[in-house]
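Notes follow once the structure below has been shown.
When reading the values below, keep in mind they use all heavy atoms of this one structure, side chains included, and skip hydrogens, waters and symmetry mates. In each ligand, atom 1 is the first atom listed, and ligand 1 is the first ligand listed.
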Amino acid sequence: MGNHGYLQVAVIGAGPAGLFAAEALAGKGFGVALFNRDIKPGGLAEYGIFPDKLKLKNGLRNQFRTILQSENIVYLGNIHVSVDTCLAVQTLFDWGFNAVLITCGAQGTKSLHLPGEKLEGVIHAKDLVYYYNQLPPFASRNYKFGRRVAIVGGGNVMADVSHFLVKYTEVEEIVAVIRRGPAEVKFDKKEMIPIIAYLDQTKFDNEMARVSEEMRKIGQEPLGAIESILAAAHVASPKEREAHLSFRFLSSPKQILPNETQQKVIGIELEENQLVLSDGEVKAKATGKSVNLQCDNVIFAIGDRVLDELGLPMYKNEFSKARSPLFPINGQTFEIEDPDSGQNIQGIFIAGWLRNPSTGLVGTARKDGVYAAEAVGQYLAQKEELSGIDSDLLIQKLRDQGCVVVTKDLLPVLQMEEQIQADKAGLEEFKFSTNEEMLKILGLA
Ligand SMILES: Cc1cc2nc3c(=O)[nH]c(=O)nc-3n(C[C@H](O)[C@H](O)[C@H](O)COP(=O)(O)OP(=O)(O)OC[C@H]3O[C@@H](n4cnc5c(N)ncnc54)[C@H](O)[C@@H]3O)c2cc1C
């Protein structure tokens, strides 16, 4: 049954969590308005997953297109919801929406607040990932890389960024700086396939020799960690050029070292750690001993932070999650609470990387979106009567607020134009790097 354009639920963010939530809500018969900051849907599936994973990306794009075909879903791209833009969350309730599900992802970068973080050559992985995946406005940045790059972090994003550096730059040496030991690395075997051939075996052996005793002290067996780090070696992609990857374990950045003019990075001071067991968890404990590592760039791949732009209560790097959800799904909370009153905020729900920053792959975000849709459905089932807004009226109201709306009928136009550009340039894929170009093609500039 279609809603004939009558919308009851607003979903903010059309990444995997928002799209699959919209699909689930539409399947329950609700009319869904799906607001998205970016012109194109997909979030990190479009602008995060490594560009050459085209089979995965195209598969997801096809799923997203099918979802958007639902007559119960209205797509509103190029709409940045926040307290400072053309649309605020509260306005959605004023316009008649009964529930708002927020799935904006974790768009902020985490900072360790170290001296030197503002130096030229310091980069946050998220910005770089958006740059090489051509998300405006990051796509227009101009990153310069020197010969040697230190990446702080030991997860999949470190692996992806290393992949970018060996494939698309002339960087010769990459050092992954990891706070804990070889047994605590967080990357998956699959993500190491493109870069494991670049591992400098001698440096790796020396580094393992340096940290093995520390591992044994807490009962870890170095051989197991070596096998796990090298698990991708037998399926490694061949090296395409001369470059080296190495690891520096048990090391936390203390400061980024400037050149003489205090403008550029020339290195990073690392404090050495030991491993300690605390409540069954392996933790890093600073030893007070420091070493300097020379490098031309420092890339932080240490996770992301939820932005505080919607005017809703935050707790540390995320939204303030309701401790006693009224609509728990599988024992999890998809609601937020006001820390002052301790009350859950009525009608607002959260899912995906916004609920758990930098956690899990697309499949996890999908599940989260579907669960959140279930919670929204239970909340709405309690209401005696549902209000709503007609889709044409909604688009008119957005335009009255000064928003430039990209509706779903325009997405194929953009797709076709990008295909034409790709064919012309003999590329597998082409993306416009500014919103202005895209809006112009859509006749909206
Ligand atoms: C570098 C990297 C590589 C990855 N590689 C893989 C991989 O190979 N395979 C895999 O399965 N997973 C991968 N992932 C993980 C996957 O991308 C995430 O699990 C998933 O995208 C999270 O979905 P989400 O919808 O919660 O958030 P996001 O994907 O971040 O989507 C958020 C959406 O919200 C919109 N938005 C943000 N703020 C606002 C606002 N204020 N108003 C309106 N809209 C807003 C954005 O435009 C975006 O469309 C990778 C992640 C990263 C960072």
Review point. By number and element, which atoms of ligand 1 are closer than 4.0 Å to a non-hydrogen atom of Ile12?
Key: 42 (N), 43 (C)

Point to revise | Salt-bridge criterion met for Glu429 and Arg61 (N-O under 4.0 Å) | key: yes

Check your understanding: Of the listed options (Ile49, Leu354, Val362), which comes nearest to atom 6 (C) of ligand 1 when hydrogens are ignored and any heavy atom counts?
Key -> Ile49

Practice item. Please could you name the atoms of ligand 1 that Gly105 approaches to less than 4.0 Å, counting only its heavy atoms? Key: 27 (O), 30 (O), 32 (C)

Point to revise | Close approach, Ile79 and ligand 1, non-hydrogen under 4.0 angstrom | key: yes

Study note, to complete from the structure: Note: ligand 1 atoms sitting under 4.0 Å from heavy atoms of Ala365 are 22 (C), 23 (O)

Please set out all donor-acceptor pairs under 3.5 angstrom arising from side-chain atoms of residues 305-317, sequence neighbours excluded.
from   : atom 1 : to     : atom 2 : distance (Å)
Arg305 : NE     : Thr109 : O      : 3.1
Glu309 : OE1    : His80  : NE2    : 2.9
Glu309 : OE2    : His80  : NE2    : 3.4

Check your understanding: Is Glu170 atom CD crowded by more than 12 heavy atoms from other residues, nucleotides or ligands, each under 6.0 Å away?
Key -> no

Point to revise | Nearest non-hydrogen protein atom, atom 47 (O) of ligand 1 | key: Asp38 OD2, 2.8 Å

**Study point:** Under 3.5 Å: N/O of Asn36 near N/O of ligand 1
**Key:** yes

Review point. Which residues satisfy the salt bridge (charged side-chain N to carboxylate O under 4.0 Å, His left out) test with Arg323, sequence neighbours excluded?
Key: Glu337

Revision key, fill the gap. Between Pro325 and Thr333 the two heavy atoms that sit nearest each other are CB-OG1, 3.5 Å

**Study point:** Short N or O distance, Tyr132 and ligand 1, threshold 3.5 Å exclusive
**Key:** no

Exercise for review: Return the residue, atom name and 0.1 Å-rounded distance of the protein heavy atom closest to atom 42 (N) of ligand 1.
Suggested key: Val81 N, 3.0 Å

**Study point:** Main-chain N/O of Ala301 paired to Lys110 side chain as donor or acceptor, under 3.5 Å
**Key:** no

Study note, to complete from the structure: The protein heavy atom nearest to atom 33 (C) of ligand 1 is Gly15 N, 3.6 Å

Practice item. Evaluate the 4.0 Å heavy atom contact test for atom 50 (C) of ligand 1: does a protein atom fall under the cut-off? Key: no

Check your understanding: Is ligand 1 under 4.0 Å from a heavy atom in the side chain of Lys126, in the backbone, in both, or in neither?
Key -> neither

Exercise for review: For Lys53, counting its heavy atoms only, list the atoms of ligand 1 lying under 4.0 Å from any of them.
Suggested key: 7 (C), 8 (O)

Review point. Considering residues, nucleotides and ligands other than Arg180, do more than 12 of their heavy atoms fall under 6.0 Å from its CZ?
Key: yes

Check your understanding: For Pro16, is at least one N or O under 3.5 Å away from an N or O on ligand 1?
Key -> yes

**Study point:** Donor-acceptor under 3.5 Å (Glu335 side chain, Phe327 main chain)
**Key:** yes

Check your understanding: Less than 3.5 Å between some nitrogen or oxygen of Arg37 and one of ligand 1, yes or no?
Key -> yes

Study note, to complete from the structure: Ranked by distance from atom 2 (C) of ligand 1, the top protein heavy atom is Gly48 O, 3.7 Å

Review point. Which heavy-atom pair separates Asn133 from Gly48 by the least distance, and what is that distance?
Key: ND2-O, 3.2 Å

Point to revise | Leu310, Thr364, Ile350, Leu56: member with heavy atom nearest to atom 9 (N) of ligand 1 | key: Leu56

Review point. Against heavy atoms of Thr103, which atoms of ligand 1 measure under 4.0 Å?
Key: 32 (C), 33 (C), 34 (O)

Check your understanding: If we only count N/O pairs under 3.5 Å, is Leu361 in contact with ligand 1?
Key -> yes

Point to revise | Min N/O separation Gly360 to ligand 1 under 3.5 Å | key: yes

Exercise for review: Return the residue, atom name and 0.1 Å-rounded distance of the protein heavy atom closest to atom 17 (O) of ligand 1.
Suggested key: Leu44 CB, 3.1 Å

Exercise for review: If the plane angle is over 60° it's perpendicular, under 30° parallel, otherwise tilted; pick one for Tyr371 and Phe334.
Suggested key: perpendicular

Point to revise | Enumerated ligand 1 atoms positioned under 4.0 Å from heavy atoms of Gly43 | key: 29 (O), 31 (O), 48 (C), 49 (O)

Check your understanding: Side chain, backbone, both or neither: which part of Asp160 comes within less than 4.0 Å of ligand 1 when only heavy atoms are counted?
Key -> side chain

Review point. Under a 4.5 Å cut-off applied to non-hydrogen side-chain atoms, are Leu68 and Leu19 in contact?
Key: yes

Revision key, fill the gap. From the list Leu410, Val404, Asn435, Ile79, side-chain contact (heavy atoms from CB on, under 4.5 Å) with Ile39 holds only for Asn435

**Study point:** Proximity of Glu309 to ligand 1 by residue part, where a heavy atom lies under 4.0 Å
**Key:** side chain

Exercise for review: Under 4.0 Å from a heavy atom of Gly352: give me the atoms of ligand 1 that qualify, with their elements.
Suggested key: 26 (O)

Check your understanding: In terms of atom number and element, which parts of ligand 1 are under 4.0 angstrom from non-hydrogen atoms of Val129?
Key -> 1 (C)

**Study point:** Stacked cation flag Arg366 on Phe20, 6.0 angstrom / 45 deg
**Key:** yes

Exercise for review: Please write down residue, atom name and distance for the protein heavy atom closest to atom 52 (C) of ligand 1.
Suggested key: Trp353 CH2, 4.2 Å

Review point. Of all heavy-atom pairs between Pro41 and Asn36, which one has the smallest distance, and what is that distance?
Key: CA-ND2, 3.7 Å

Study note, to complete from the structure: The residue among Gln421, Glu46, Glu437 that forms side chain to side chain donor-acceptor pair (under 3.5 Å) with Lys431 is Glu46

Check your understanding: With respect to atom 32 (C) of ligand 1, which of Cys104, Ala17, Gly13 exhibits the smallest heavy-atom separation?
Key -> Cys104

Check your understanding: For atom NZ of Lys144, is the number of surrounding heavy atoms from other residues, nucleotides or ligands below 6.0 Å larger than 12?
Key -> no

